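Report on the following structure.
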Amino acid sequence: MAENTVRQKTTVKEETPPEIKSGKGFFSFVDKYVPVGDAFNDGLPVQYIPKVLFFACIMMLYIANAHYGDKLVRKTNKLKNEVNDLRADYITLKADLMIKSKQSEVAKQVEVLGLKESTEPPIKITEKSLEH
């Protein structure tokens, strides 16, 4: 076989892995006192899987309950604000109705239609009893 003349052969250099510095950080502290890496040397500890799954399910229920509670509080506050707005509208409309239903205000409104307020008191009509 012919040798490639365009490219020169390169030799593969063996790279050494970078040195791991033992820091004074949080994770090096935790790894020093709680050696989690040693737990998986013999394989996956299967006896802990049901407990871990149960704990994960409980945590998901706890988080879902917290979200539901927050949502309920926001909805309650929104409804309280809406009730306060509706109460203010009700009081305003009731006061306007009380003012507009006064006799003097009604007289002003119907004056445009040509109706006038009576100045004479009403007359009582009585029937004379017939005696036989």
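Note that the structure is a prediction, hence the values are computed from the model and not measured.
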Determine, using the 4.5 Å side-chain heavy-atom cutoff (strictly less than), whether V46 and L53 are members of one ILVMFWY cluster.
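Yes, same cluster.
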May I ask you to check whether over 12 heavy atoms, not counting those of E82, lie within 6.0 Å of atom CD?
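At most 12 heavy atoms, drawn from other residues, nucleotides or ligands, come within 6.0 Å of this atom.
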Decide if atom CD1 of I123 counts as having more than 12 heavy atoms of other residues, nucleotides or ligands within a radius under 6.0 Å.
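No, because the 6.0 Å sphere around CD1 of I123 holds 12 heavy atoms or fewer from other groups.
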Carboxylate-amine/guanidinium proximity below 4.0 Å for K108 and E105:
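Salt bridge present between K108 and E105.
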Mind checking the [atom1]-[atom2] spacing from [X] to [Y]? Nearest 0.5 Å is all I need.
| X | Y | atom1 | atom2 | value |
| --- | --- | --- | --- | --- |
| E117 | Q103 | CD | CD | 4.5 Å |
| D89 | N84 | CG | CG | 11.0 Å |
| H67 | N65 | NE2 | CG | 10.5 Å |
| T92 | L97 | OG1 | CG | 12.5 Å |
| F54 | M59 | CZ | CE | 12.0 Å |

